[in-house]
Amino acid sequence: MTSPKLAVVGHPNKGKSSIVSTLVRQDAVAVSELSGTTTQSQSFSMMVDGKELYQLVDTPGFQRPRQVLEILQAQTQDASQRRQTVQAFLHQYAPDGNHKFKDEAELLEPIVNGAGIVYVVDGSVPYSPEYEAEMTILQWTGQPRMALINPIGGEHYVEQWQAALSQFFSVVRVFNPMTADGDKQRQILSAFAELHEPWRTSLEQAQQLLAFHLNDLQRQGGQMIAEALQQMAQYQSKLPIVSEHVDSAAKYGLRHQYEAGIRSQEKQMQQHVCELYSHHQLQLENETLEVDYPDLFDRKSWYLFGLDRTKLVGLAASAGAAAGVAIDVGVGGSSLMAGAVAGGVLSGAATLYATLKPERLKLKGMPLGGQQLVAGPIKDISFLFVLFGRAVELLAQVSRKTHADRRVVVVSGLDFSERFNQLSKVDQVKLTRLLQRLHKGLSFEETERLKRYIIDLVAFDKPD
Amino acid sequence: MQTSVSESLSFFYRFGASRALFTWLQFRVFLSDSGWQSRLPEDCRQPGLTVRDTLQNWSDHSAEAELHSLIWVILNIIALLAGSGAMIGALSYSGHEPVNLWLIFGLFAVLPLLLTLFAALGSLLQRSYRSAHSGRVGLVVKVLRLPEQWLPYSRLMVSWSLWQSQSLALLFNVGALAGFFLVALFRDISFGWSSTLIEDTATMVSFFKLFTAPWNMLVSLPADETISATRFFQNQGISVASAGRVWWPTVVMAVLFYGVLPRLLLQQWLAARFRKALSNDISNSGEVERFLNGCQRVTTEAAAAVNEAVAEEQGTKTISVGSKDYCLIGWQNALQNKAVVYQLGLNSWQQDVQWVEETAATVQQPIVIVVDARQTPTGELADCIELMQAQGHSVSVGLLPEVNGDTNSGALRSWQYFVHQHTLEMLKVTELQHD
Ligand SMILES: Nc1nc2c(ncn2[C@@H]2O[C@H](COP(=O)(O)OP(=O)(O)O)[C@@H](O)[C@H]2O)c(=O)[nH]1
Ligand SMILES: [Mg+2]
């Protein structure tokens with residue numbers, strides 16, 4: 001059985017290509033600010049798990065609907081012949097011919113060959129009779145058809161449109177391809193399913209598969225970040241030292257090597273997340289990741305990031321206290337509180353110290369008697385929060401972005417603290433503890449927990 | 001219905017778990033390069049392929065990462081030989097004396113059992129810490145000559161090498177068992193026990209009862225008299241030489257139950273644990289999804305070139321609605337009847353053409369088609385303009401001011417593009433009424 005196929009048609013520049021792009025989850029569909037740049041129909045498949053769920057055809061817009069309608073009207077006497085008349089028109093004005101109805105021919109051809117119709121209008125401009133020619137032509141094809149109102153610049157005229165469209169289309173929905181989330185996309189699929197009985201089962205299945213698919217992506221995105229964070233947190237740069245004397249140039253060079261290494265790992269993770277969500281052409285704008293974090297506290301960005309030092313020290317202290325409890329329980333619980341207090345104090349002090357003092361580069365002996373200068377892994381909790389926050393923000397943005405939305409994504413992590421604060425206090429501490437252990441590598445179960453937190457944080461609504 | 005997860009699992013596991021790991025790591029290494037999409041084999045992009053076929057096409061084109069089989073076979077043979085060699089040595093060591101049961105039980109039952117328990121404990125406590133294990137993984141990679149790029153995936157490598165080391169240990173024990181049968185086939189071995197401290201046989205009998213408890217359903221312990229009869233003393237041999245032969249089934253069972261079986265259990269558990277970790281990585285890492293997305297990615301000729309071509313001209317000249325120097329014609333609903341002589345695009349095409357031919361022909365002033373930026377330029381408008389130009393009119397496009405500032409830049413740019421394409425002039429129209 002072939003999968004359902006729908007042609008997305010309408011006036012030029014009303015978001016046809018955008019709708020196709022969002023509903024097939026591909027950013028290869030050409031969306032242009034300029035009217036009339038799509039000149040050929042192109043079919044796109046919605047694929048999940050290597051299977052085609054449905055096809056959407058991106059078409060050029062109507063350019064000369066009234067003229068085409070007049071030609072059609074001139075050639076037919078009664079309503080029963082309308083379909084044949086459209087076919088005859090296509091015969092006379094073939095899509096590959098050289099005539100002024102090329103755009104109409106391109107868009108009518110897939111419909112005459114069996115595709116359903118999705119007629120797209122702009123809900124921010126008023127309805128006017130000029131659209132009637134377009135709708136009449138579509139009606140003449142006799143194919144199952146529905147209308148989508150795309151509120152490009154607002155919803156001012158949506159009601160007016162609904163009234164007009166319902167005279168020509170059995171199903172009318174409002175759909176914004178720039179902002180539609182998974183649920184909205186699935187609602188449109190169920191509207192498609194209403195159109196044509198033979199498509200119903202496969203489109204209902206498609207809806208289900210899409211839901212599973214989105215769920216899978218979320219899980220995989222969480223895992224991807226949990227793994228990448230561990231790699232970044234464990235990253236080390238090494239430099240063999242020949243002489244006893246370590247000059248500052250060597251230190252400087254090593255620090256830059258380390259910084260470059262961390263940045264490229266972050267970039268790779270970002271690319272992988274984009275690829276996971278099929279945002280192949282997405283442009284990312286990274287706010288520079290600073291590794292020089294002693295200064296980070298003096299920077300505006302750090303305060304914007306929201307977790308100020310007091311809060312961090314507090315969190316680290318609580319996480320330390322949690323560690324203390326774990327040890328105490330292990331030992332027998334005799335000095336439960338004492339252990340908790342000691343753990344808290346030590347860990348709090350350590351964080352304070354690390355955030356105040358520059359991370360010193362360590363000198364380590366090498367097997368063959370030489371020495372090497374080692375940078376990393378970073379154990380500073382503030383830096384780990386920066387890495388984590390940026391990763392979570394990226395995932396949150398990329399996973400919500402529709403494929404029609406081609407705007408640049410800015411990765412800063414600045415909104416992270418608001419997400420983080422939506423976690424319960426207990427979870428905040430638990431998460432802090434996971435992050436503290438990141439540089440050692442997490443066990444399978446700990447990775448699972450970190451993944452859970454990432455998924456939860458991403459699911460929180462972004463505070464506007 | 002098969003999902004991509006189950007399909008990809010069945011692909012990677014098609015030649016067993018070890019090969020699954022190698023193909024998987026090879027796959028991850030391939031995908032970790034930022035330019036992997038450009039190195040994707042063409043036949044992965046074919047439409048209509050199943051997930052499995054797509055993966056198969058990829059692997060047909062990628063260098064097969066195999067465990068260096070010679071090294072692996074040698075390691076296995078060494079383990080087997082070491083096991084049987086140790087057993088043959090232990091059996092031959094005693095010369096003319098009976099073989100001391102203590103030695104055999106100690107070396108091939110108790111010691112292996114202890115080692116197995118230690119290994120099990122170690123595996124239980126193992127937390128897959130990357131840094132703690134990177135040294136060990138590095139060694140495994142070096143010895144087995146595996147690709148260095150696999151090092152970052154140490155968690156899987158650790159899990160796999162734990163399993164494999166137990167397989168080697170298992171082979172050692174199996175080798176010992178084989179060595180026993182080899183010697184027993186060609187020589188008459190008599191077993192006995194000896195002790196300086198234990199005097200009465202009753203203690204020995206109860207010890208042996210306890211020791212052989214796991215298999216006493218299968219093989220019964222020699223009779224009490226035989227046990228006492230097989231006690232031997234330095235340089236004296238056993239009183240009843242043939243009685244020593246009675247012990248061999250017990251020896252075999254001891255090696256089997258304390259040496260082989262626990263090892264087998266541990267090995268199987270580690271194999272299952274490794275499989276779970278690998279399957280989890282295959283299904284949850286998102287790598288397969290990423291790969292499929294890259295394969296299914298469509299390429300279209302971008303319309304980007306056109307975007308650049310449009311000049312940012314805003315229309316410099318401004319005219320007002322009431323102006324008598326121009327003839328204002330509306331395009332569709334723009335200006336709503338006010339101050340325009342006619343609205344194009346609202347009636348049938350035939351009526352528009354008629355109006356242009358009859359009325360527009362008589363117009364003296366330059367014609368301005370008034371449009372709203374929210375509208376879209378179409379071919380029909382271009383046709384109307386061409387008709388008027390054919391009559392010798394100078395036609396330009398007059399853009400109305402934005403209504404609520406809600407015009408998207410695209411609409412405006414589309415008009416600029418339209419004007420540019422048809423080499424028209426763009427004017428600004430203000431609605432200011434100055435009477
Ligand atoms: N703000 C906004 N812009 C949209 C929306 N839909 C489409 N656009 C923009 O409108 C322009 C035309 O979209 P496109 O999909 O190419 O329209 P088509 O010519 O009908 O295929 C592009 O610049 C889109 O980014 C929407 O819902 N909201
Ligand atoms: Mg388009």
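Please read these numbers as outputs of a predicted model, since none were measured by experiment. Chain A is the first sequence line, chain B the second, and so forth, proteins listed ahead of strands; every chain is numbered from 1.
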S.K.: Less than 4.5 Å apart, any side-chain heavy atom of B:Gln350 and any of A:Gln67?
M.R.: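 Side chain of B:Gln350 against side chain of A:Gln67, heavy atoms only: no contact under 4.5 Å found.
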S.K.: Residues in ring pair (Phe, Tyr, Trp, His ring centres under 6.0 Å) with A:Tyr157, at least two apart?
M.R.: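 Not a single residue meets the ring pair (Phe, Tyr, Trp, His ring centres under 6.0 Å) criterion with A:Tyr157.
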S.K.: Is any side-chain heavy atom of A:Gln223 closer than 4.5 Å to a side-chain heavy atom of B:Asn284?
M.R.: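 A side-chain contact under 4.5 Å exists here.
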S.K.: Side chains of A:His280 and B:Gln37 only: does a donor on one sit below 3.5 Å from an acceptor on the other?
M.R.: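 Yes, B:Gln37 and A:His280 have a side-chain donor paired with an acceptor closer than 3.5 Å.
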S.K.: Taking the side chain as C-beta and beyond, is there a heavy-atom pair between B:Glu287 and A:Gln220 under 4.5 Å?
M.R.: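 No, too far: nothing below the 4.5 Å cut-off.
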S.K.: Mind checking the CZ-CG spacing from A:Arg66 to B:Leu346? Nearest 0.5 Å is all I need.
M.R.: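 With rounding to 0.5 Å, CZ (A:Arg66) is 8.0 Å from CG (B:Leu346).
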S.K.: Against chain A, label B:Ser32 side chain, backbone, both or neither, depending on which of its atoms sit under 4.5 Å from a heavy atom there.
M.R.: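 Both parts, backbone and side chain.
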S.K.: At a heavy-atom distance under 4.5 Å, which candidate from B:Ala277, B:Pro47, B:Pro377, B:Ala382 has the highest pair count against chain A?
M.R.: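 So the answer, after comparing B:Ala277, B:Pro47, B:Pro377, B:Ala382, is B:Pro377.
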S.K.: With only heavy atoms counted, which part of B:Thr54 is less than 4.5 Å from chain A, the side chain, the backbone, both or neither?
M.R.: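 When you check distances to chain A, no heavy atom of B:Thr54 falls under 4.5 Å.
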S.K.: Sort A:Tyr127 into side chain, backbone, both or neither according to what part of it lies under 4.5 angstrom from a heavy atom of chain B.
M.R.: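 The answer is the backbone of A:Tyr127.
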S.K.: Name the option with the most non-hydrogen atom pairs under 4.5 Å to chain B; the candidates are A:Pro65, A:Gly154, A:Gly222.
M.R.: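 Between A:Pro65, A:Gly154, A:Gly222, the count favours A:Pro65.
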S.K.: Distance check, rounded to the nearest 0.5 Å: B:Ser285 atom OG versus A:Glu227 atom CD?
M.R.: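 That separation rounds to 8.0 Å.
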S.K.: What heavy-atom pair brings A:Glu33 and B:Ser414 nearest, and what distance separates the two atoms?
M.R.: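 Nearest pair, atom of A:Glu33 first, then B:Ser414: O-OG, 3.1 Å.
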S.K.: Side chain, backbone, both or neither: which part of A:Tyr277 has a non-hydrogen atom closer than 4.5 Å to chain B?
M.R.: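 A:Tyr277 touches chain B through backbone heavy atoms alone.
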S.K.: Nearest 0.5 Å, what's the CD-CZ distance between B:Glu380 and A:Phe62?
M.R.: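 Reported to 0.5 Å precision, the distance equals 11.0 Å.
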S.K.: Does any backbone or side-chain atom of A:Leu217 lie under 4.5 Å from a heavy atom of chain B? Answer side chain, backbone, both or neither.
M.R.: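 Contact with chain B involves the side chain of A:Leu217 alone.
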S.K.: For a side chain to side chain contact (heavy atoms under 4.5 Å, CB included) with A:Gln63, tell me which candidate from B:Leu381, B:Asp383, B:Thr378 qualifies.
M.R.: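 Result: among B:Leu381, B:Asp383, B:Thr378, B:Thr378 is the only option passing the side chain to side chain contact (heavy atoms under 4.5 Å, CB included) with A:Gln63.
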S.K.: Just how far is it from atom CD of A:Gln271 to atom CH2 of B:Trp36, taken to the nearest 0.5 Å?
M.R.: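 Separation between the atoms: 9.0 Å.
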S.K.: Counting only heavy atoms closer than 4.5 Å, note whether B:Asp352 contacts chain A via side chain, backbone, both or neither.
M.R.: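 The answer is the side chain of B:Asp352.
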S.K.: So what's closer than 4.5 Å to chain B heavy atoms on A:Thr447: side chain, backbone, both or neither?
M.R.: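 Side chain only.
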S.K.: What residues, two or more places apart in sequence or in another chain, satisfy side-chain hydrogen bond (donor to acceptor under 3.5 Å, both in side chains) together with B:Trp24?
M.R.: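 Per chain and number, B:Trp24 pairs via side-chain hydrogen bond (donor to acceptor under 3.5 Å, both in side chains) with B:Asp281.
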S.K.: Output the distance between atom CZ (A:Phe212) and atom OG (B:Ser4), rounded to the nearest 0.5 Å.
M.R.: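 These two atoms lie 12.5 Å from each other.
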S.K.: Would you call B:Arg297-A:Asp27 a salt bridge at under 4.0 Å N-O?
M.R.: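 Salt bridge flag = no for A:Asp27 with B:Arg297.
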S.K.: Roughly how far, to the nearest 0.5 Å, is the CZ atom of A:Arg219 from the CD atom of B:Glu289?
M.R.: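 Answer rounded to 0.5 Å: 10.0 Å.
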S.K.: Around B:Arg39, counting heavy atoms of other residues, nucleotides and ligands shown, do more than 12 lie under 6.0 Å from its CZ?
M.R.: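 More than 12 within 6.0 Å, yes.
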S.K.: If you count heavy-atom pairs under 4.5 Å between each of B:Ser283, B:Ser8, B:Gly48 and chain A, which one has the most?
M.R.: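 So the answer, after comparing B:Ser283, B:Ser8, B:Gly48, is B:Ser283.
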S.K.: After noting the C-alpha distance and the side-chain angles of B:Asn293 and A:Glu275, does the key distance pass the side chain to side chain contact (heavy atoms under 4.5 Å, CB included) rule?
M.R.: CA-CA 7 Å; B:Asn293 286 342; A:Glu275 285 174 0; 5.8 Å; no
S.K.: Counting neighbours of CD on A:Gln283 that are heavy atoms of other residues, nucleotides or ligands and sit closer than 6.0 Å, is the number greater than 12?
M.R.: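 Not more than 12 within 6.0 Å, no.
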S.K.: Between B:Arg155 and A:Gln230, is there a side-chain donor-acceptor contact under 3.5 Å, judged purely by atom types and distance?
M.R.: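 Present: a donor and an acceptor within the cut-off.
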S.K.: Please flag which part of A:Lys100 lies under 4.5 Å from any non-hydrogen atom of chain B: side chain, backbone, both or neither.
M.R.: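 Interface part for A:Lys100: side chain.
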S.K.: Between B:Asn280, B:Asp53, B:Leu31, B:Val51, which has the largest tally of heavy atom pairs under 4.5 Å with chain A?
M.R.: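 Highest number of heavy-atom pairs under 4.5 Å: B:Asn280.
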S.K.: Is it the backbone or the side chain of A:His213 that comes under 4.5 Å from a heavy atom of chain B, or both, or neither?
M.R.: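 A:His213 touches chain B through side-chain heavy atoms alone.
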S.K.: For the residue pair A:Asn13 / B:Thr376, report whether a side-chain donor-acceptor contact shorter than 3.5 Å exists.
M.R.: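 A:Asn13 and B:Thr376 do not have a side-chain donor-acceptor pair below 3.5 Å.
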